[in-house]
2 protein chains.
Amino acid sequence: MEKNYTNYDLDKLDVQILSILMEDASIPYTEIAKKLIVSGGTIHVRMKKMEEMGIIRGSNLIINPQKIGFDITAFLGIYLEKGSQYADAVEQLKQVKEVVELHYCTGQYSMFAKIICKDTSHLRKVLNEDIQGLKGIQRTETIISLEESIKRQITL
Amino acid sequence: MEKNYTNYDLDKLDVQILSILMEDASIPYTEIAKKLIVSGGTIHVRMKKMEEMGIIRGSNLIINPQKIGFDITAFLGIYLEKGSQYADAVEQLKQVKEVVELHYCTGQYSMFAKIICKDTSHLRKVLNEDIQGLKGIQRTETIISLEESIKRQITL
DNA sequence: GTTGAAAAGTGCTGCGA
DNA sequence: TCGCAGCACTTTTCAAC
């Protein structure tokens with residue numbers, strides 16, 4: 001059979017399985033098997049292989065943050081005093097539970113974070129008390145998201 | 001019983017269920033029931049209620065993009081020629097499958113996007129051919145993520 | 001690697017408290 | 001409203017191809 005439909009060791013079947021489950025992880029293996037015209041056992045074997053390869057990190061429930069009172073999504077450009085303080089800053093930011101993503105990046109900012117807060121006063125508290133006071137952080141720039149127009153996974 | 005442990009109609013049990021499933025959606029209800037010392041049926045009822053309320057959007061498989069050859073995560077600050085072109089731009093960017101997040105936002109940029117590409121030449125193609133050519137987009141600024149240090153959901 | 005079916009475990013539903 | 005118990009469905013395993 002032809003290989004290299006895509007990268008690494010994934011063949012077409014693997015990619016099809018991933019594509020389906022990336023949209024909805026609750027679809028049963030038996031249904032996927034029917035759709036792709038293979039047996040349920042095969043789906044199971046492929047999934048196990050991909051889990052062992054580290055391609056699949058796990059699954060999670062997607063909740064709507066706004067429905068439970070988390071109304072503000074913001075991005076934070078962070079300037080460090082010295083680039084070498086990066087590792088330190090990561091450890092400190094891990095303690096701030098409102099930080100949901102943190103990137104070490106190129107460009108004007110040393111680091112770039114995504115944070116989710118309940119309201120403006122919560123955001124102010126996180127910025128002033130939890131983040132700007134951290135050792136090594138010089139200053140931050142805040143971009144507030146007024147609307148999330150697209151939110152999806154990559155298409156394989 | 002006391003209500004308002006948190007926002008809206010969620011009581012402590014609901015929040016505990018969500019917290020567990022947000023980290024790993026594959027944990028069986030029976031196990032959650034044991035952990036929280038209630039019956040499996042109760043978990044089921046609570047989940048159903050939260051799904052109907054729109055708090056739970058669904059579940060999805062978390063894959064490691066790097067393991068399947070998507071090596072570059074970048075953020076894109078987008079300047080529109082006119083703010084009124086926002087709706088148009090959203091529709092056009094929905095067609096670019098490398099765009100996984102798009103926000104309408106405050107600050108210097110009109111819009112802010114997160115994109116995932118295979119390599120630098122793929123990124124260049126997406127930027128030059130797919131995005132910068134779109135109607136209404138004046139220019140973009142690219143921030144490339146060299147390392148994703150934190151990636152998680154909000155803590156309730 | 002794949003299949004099909006049997007065994008084990010989980011999700012769902014209705015009745016009772 | 002919650003918990004228990006039985007049924008239906010899914011996942012998992014395994015011998016055979």
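Per chain, numbering begins at 1; letters A, B, ... match sequence-line order. Only this structure's heavy atoms are used, side chains among them; waters, hydrogens and symmetry mates stay out. Since the structure is predicted, the reported quantities are computational estimates derived from the model, not experimental observations.
In this structure, CD1 of A:Ile43 is placed 13 Å from C1' of D:dT10, rounded to the nearest angstrom. Atoms CD1 (B:Ile17) and C1' (D:dC2) sit 13 Å apart, rounded to a whole Å. For A:Met47 and D:dT11, the CE to P distance is 10 Å, given to the nearest whole Å.
Each of C:dT13, D:dT13, D:dC2 was ranked by its minimum atom distance to the side chain of A:Lys48; first place goes to D:dT13. Residue A:Thr42 has its side chain nearest to C:dT3 when only D:dC2, D:dT12, C:dT3 are considered.
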N/O donor to acceptor pairs below 3.5 angstrom from side-chain atoms of residues 122-135 of chain A, sequence neighbours left out:
unit_1: A:His122; atom_1: ND1; unit_2: A:Lys118; atom_2: N; d: 2.8
unit_1: A:His122; atom_1: NE2; unit_2: A:Glu98; atom_2: OE2; d: 2.7
unit_1: A:Lys125; atom_1: NZ; unit_2: A:Asp130; atom_2: OD2; d: 3.0
unit_1: A:Gln132; atom_1: NE2; unit_2: A:Thr140; atom_2: OG1; d: 2.8
unit_1: A:Lys135; atom_1: NZ; unit_2: A:Asp88; atom_2: OD2; d: 3.1

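A:Arg46 has no side-chain polar atom (N or O) that falls below the 4.0 Å cut-off from OP1 or OP2 of C:dG1. A:His44 has a side-chain polar atom (N or O) that falls below the 4.0 Å cut-off from OP1 or OP2 of D:dT12.
Shown for residues 28-39 of chain A: residues whose heavy atoms fall under 4.0 angstrom of DNA chain C, namely A:Val38, A:Ser39.
Proximity of a side-chain donor or acceptor of A:Ser145 to a complementary backbone N or O of B:His103 within less than 3.5 Å is not detected.
For the side-chain contact (heavy atoms from CB on, under 4.5 Å) test, residues two or more places apart in sequence or in another chain that qualify with A:Ser149 are A:Glu147, B:Tyr86, B:Val90, B:Leu102. Among residues two or more places apart in sequence or in another chain, the side-chain contact (heavy atoms from CB on, under 4.5 Å) test is passed with A:Thr106 by B:Ile144, B:Leu146.
Checking A:Lys49 against A:Gly40, the closest nucleotide of DNA chain C that is more toward the 5' end is the one next to A:Lys49.
Hydrophobic cluster membership of A:Tyr79, counting Ile, Leu, Val, Met, Phe, Trp and Tyr whose side-chain heavy atoms lie under 4.5 Å apart directly or via other members: A:Phe75, A:Tyr109, A:Phe112, A:Ile143, B:Phe75, B:Tyr79, B:Tyr109, B:Phe112, B:Ile143.
For residues 55-64 of chain A, the set of pairs meeting the side chain to side chain donor-acceptor pair (under 3.5 Å) definition, not counting sequence neighbours, is empty.
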